[in-house]
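A short write-up of the structure that comes next.
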Amino acid sequence: MGYKEVYKAAQDNPEQFWLEQAKAIDWVRAPEQALFDKGGDLYEWYADAQVNGCYNAVDRHVENGRADQAAIIYDSPITNTKQTITFAELQTRVAALAGALVAQGVTKGDRVIIYMPMVPEAIEAMLACARIGAVHSVVFGGFAANELAVRIDDCTPKAIIAASCGLEPNRVVHYKPLLDGAIELATHKPDACIILQREQEICELIEGRDIEWEAAKALGTPADCVPVEGNHPAYILYTSGTTGAPKGVVRHTAGHLVAINWTMKNIYDVDPGDVFWAASDVGWVVGHSYIAYGPLIHGNTTVVFEGKPVGTPDAGTFWRVIAEHNVRSFFTAPTAIRAVKREDPKGLEVKKYDLSGLRALYLAGERADPDTIIWAQDVLGKPVYDHWWQTETGFTIAGNPAGLEALPVKIGSPTVPMPGYDVQILDEAGHPMPAGELGAIAVKLPLPPGTLPTLWNAEDRFRKSYLTTFPGFYETGDAGMIDEDGYLYIMARTDDVINVAGHRLSTGAMEEVLAGHPDVAECAVIGVSDPLKGQAPMGFVCLTNGVNRPHDEITAECVKRIRDQIGPVAAFKLALVVDRLPKTRSGKILRATMVKIADSEEFKLPATIDDPTILDEIKAALQTIGFAKRVTPKPL
Ligand code: COA
Ligand code: AMP
């Protein structure tokens, strides 16, 4: 069967299609029904089944002849370490860590926060939770203590698993003080913290709460896999929304296993035994689906890479890892390729390595700009596949099903909807738009298995965020179009989410932090174009009457505030003091117009603008920092 037949089969009879795909998973009790309609536009998959995620990712491979195959290859140019962990070794390590959690009183359904850098122990921590039915919530290391505290209070973990430090090329990230600070800030307190002491920084442990990794294992006995219901949450992953409060995306166990297992062959075209590498971070959804679970469930070797595309030590690192570990399919964010291209525009580093084993490069996480795709195709001589998805969906909404049938690539399009996704372009009133016309991208309910059933403890917010604007549809928050051939194009976000170096950030959250500055009366944060990171956040602040301090002092404090309260990952470095913000007559800040001015793009003066002269002031302020070079606002 080709793509069209498979897609149609999933549309015509989802029940049969997804029960068929479920056969690739080892069940404690196999599902008899795929889709469960809970009413009110809520759905669950395989709720009648019993299964264990860790068993499918680890134990079954040990039992089925892959005991000595590498499960994880850890490659850390930052610490000059390489390590291979076989499936048999992984089973022993994970069972022991699961036992450590049990010894701390963690049982099925309890939450465990994982705050770790890119080391194999991070994957082991996720799998240890899955083994005993605990629900993990991984928090990206680039977030500040405050963000960690918000997540601790939202998911109320019984335990936290963390490392003493993370390593960025230019500094040691002191995780432990961040963790201690977060626990101090949070209202909820975990009972225990299991701490991996890295040799680069040994941290102090708080007696009665913190336990060193191996010591924690010694307190327990290796734990067996605990069967969980198909609709048992495997994990919660927080992602940015419009406001400062992150959304806790819930992933149910069975749908997640079935869906991502399906993608490994059909999208990424790897067979069990092949090496698969996603150069991302365990803190993001890409890390969950394609560093941890996907490859392991499918019997692939996964690469855990602790490094950067450039500077660790050079722009050839990616190609070295691919050649050395014989990576067959490679996945990263366009920004990483842009970083490599900037350092090595002629692709000379590529020529130093034997990349004959590499089949294709997959890009996601942000818009893949044509220059980057073409450059990568040229220097690698391999197909480059853009694919579009979100934390919420856990796997590709639109992509090129290369393992099923490689469709012709149209640069600028992530290709076509994957089985189970009925993607439609809607106008503001929810009517379908004709081919080629721009609108909101929505997916007709139900979503396929593996996608979010709800938000953690926030069903109302789930409905409001995703199900209300277009009744009967899931609102993706992206805008775009579908062409005559059914290819999808992703053009922009419809909300206040921006994408900085493939990291999803909320401008609303940054505005909340800036508004907390004692001298700031009003503010706006927008995402301006950045040649490396795609977008960069930029803040505009209006000062409280009577504040007379130097502006650069205030903007430096704003930058520090965001770094301290959200984290370095926000990459907030641009802030300007302005007298007034442009608004509509009803008082809405014209952020989209500000973006156009900053990016020197043509724009139409909004008909509802209150005072157009403010745009000139914004432009003048932007020009002082090298933005808004060309365009003069045009009167209507
Ligand atoms: N822990 C702590 N700090 C982190 C971190 C982590 N895990 N990851 C990033 N940071 C810090 C960085 O050190 C940097 O701090 P600085 O302001 O002190 O320099 C800041 O957060 C911004 O990081 P980043 O946006 O990654 O920028 P960069 O300049 O360090 O690197 C790239 C630029 C393009 C090389 C880098 O963004 C990259 O590799 N991107 C790939 C993105 C990706 O994999 N996304 C996942 C979705 S698929
Ligand atoms: P995240 O949930 O962090 O993975 O971010 C998801 C968002 O990133 C999407 O809603 C898009 O806005 C953007 N995104 C992800 N992949 C792509 C892509 N291939 N093309 C364009 N935008 C993308």
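Computed from a predicted model, the values in this text were never measured in an experiment. Both ligands and their constituent atoms are indexed starting at 1 by order of listing.
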At a 4.0 Å threshold, what atoms of ligand 2 neighbour a non-hydrogen atom of His387?
16 (N), 18 (C), 19 (N)
Report the nearest protein non-hydrogen atom to atom 6 (C) of ligand 2: residue, atom name, distance rounded to 0.1 Å.
Trp389 O, 3.6 Å
Checking Tyr268 against His387: is there a side-chain donor and acceptor pair closer than 3.5 Å?
yes
Holding to salt bridge (Lys or Arg N to Asp or Glu O under 4.0 Å), I want the full list of residues that pass it with Lys382, two or more places apart in sequence or in another chain.
none
Which of the numbered atoms in ligand 2 are under 4.0 angstrom from any heavy atom belonging to Ile490?
21 (C), 22 (N)
Which heavy atom of the protein is the closest neighbour of atom 1 (P) of ligand 2, given with residue, atom name and distance?
Thr391 OG1, 3.4 Å
Evaluation steps, side-chain contact (heavy atoms from CB on, under 4.5 Å), between Trp388 and Asp478:
CA-CA 10 Å; Trp388 168 66; Asp478 285 306; 3.0 Å; yes
Gly365 near ligand 2 by a heavy-atom separation under 4.0 Å:
yes
Write out the residue and atom name of the closest protein heavy atom to atom 3 (O) of ligand 2, then the distance separating them to 0.1 Å.
Arg504 CB, 3.3 Å
Of all residues at least two apart in sequence or in a different chain, which pass the side-chain contact (heavy atoms from CB on, under 4.5 Å) check with Val150?
Pro246
Are Phe395 and His256 an aromatic pair by the rule of ring centers under 6.0 Å?
no
Can you confirm, on distance only, whether ligand 2 has an N/O atom lying under 3.5 Å from any N/O atom belonging to Glu392?
no
Geometric class of the Phe276/Tyr290 ring pair [parallel <30°, tilted 30-60°, perpendicular >60°]:
tilted
Checking heavy atoms under 4.0 Å, the part of Trp284 that sits near ligand 2 is neither
Which residue holds the protein heavy atom closest to atom 17 (C) of ligand 2, what is that atom called, and what is the gap in Å?
Glu366 O, 3.4 Å
Atom 13 (C) of ligand 2: nearest protein contact (heavy atom, Å)
Asn499 ND2, 3.7 Å
Classify the ring geometry between Trp319 and Phe330 as parallel (under 30°), tilted (30 to 60°) or perpendicular (over 60°).
perpendicular
Between Tyr115 and Lys176, do the side chains contain a donor N or O and an acceptor N or O under 3.5 Å apart?
no
So, Tyr421 and Thr396: side-chain donor and acceptor under 3.5 Å apart, yes or no?
no
Once you restrict both partners to nitrogen or oxygen, which atoms of ligand 1 have a protein partner under 3.5 Å, and how far apart are they?
unit_1   : atom_1 : unit_2 : atom_2 : d
ligand 1 : 1 (N)  : Gly141 : O      : 3.4
ligand 1 : 1 (N)  : Gly142 : N      : 3.4
ligand 1 : 10 (N) : Glu168 : OE1    : 3.4
ligand 1 : 13 (O) : Glu168 : OE1    : 2.5
ligand 1 : 13 (O) : Arg171 : NH2    : 2.8
ligand 1 : 15 (O) : Arg171 : NH2    : 3.1
ligand 1 : 17 (O) : Arg563 : NH1    : 3.0
ligand 1 : 17 (O) : Lys573 : NZ     : 3.0
ligand 1 : 18 (O) : Arg171 : NH2    : 3.4
ligand 1 : 18 (O) : Arg563 : NH1    : 3.4
ligand 1 : 18 (O) : Arg563 : NH2    : 2.8
ligand 1 : 21 (O) : Pro568 : O      : 3.4
ligand 1 : 25 (O) : Lys533 : NZ     : 3.1
ligand 1 : 27 (O) : Lys533 : NZ     : 2.9

Tell me the protein heavy atom at minimum distance from atom 9 (C) of ligand 2, and give that distance in Å.
Asp478 OD2, 3.2 Å
Ligand 2 to Asp386, heavy atom cutoff 4.0 Å, flagged ligand atoms 18 (C), 19 (N)
Work out which heavy atom in Val340 is nearest to a heavy atom in Phe318; give both atom names and the distance.
CG2-CD1, 4.3 Å
Where does His503 meet ligand 2, judged by heavy-atom distances below 4.0 Å: at the side chain, the backbone, both, or neither?
neither
Quick test of your reading of the model: are Asp314 and Arg320 salt-bridged, counting only N-O distances below 4.0 Å?
no
Return the set of residues passing ring-ring contact (aromatic ring centres under 6.0 Å, His included) with Tyr489 (not counting sequence neighbours), or none when no residue passes.
none
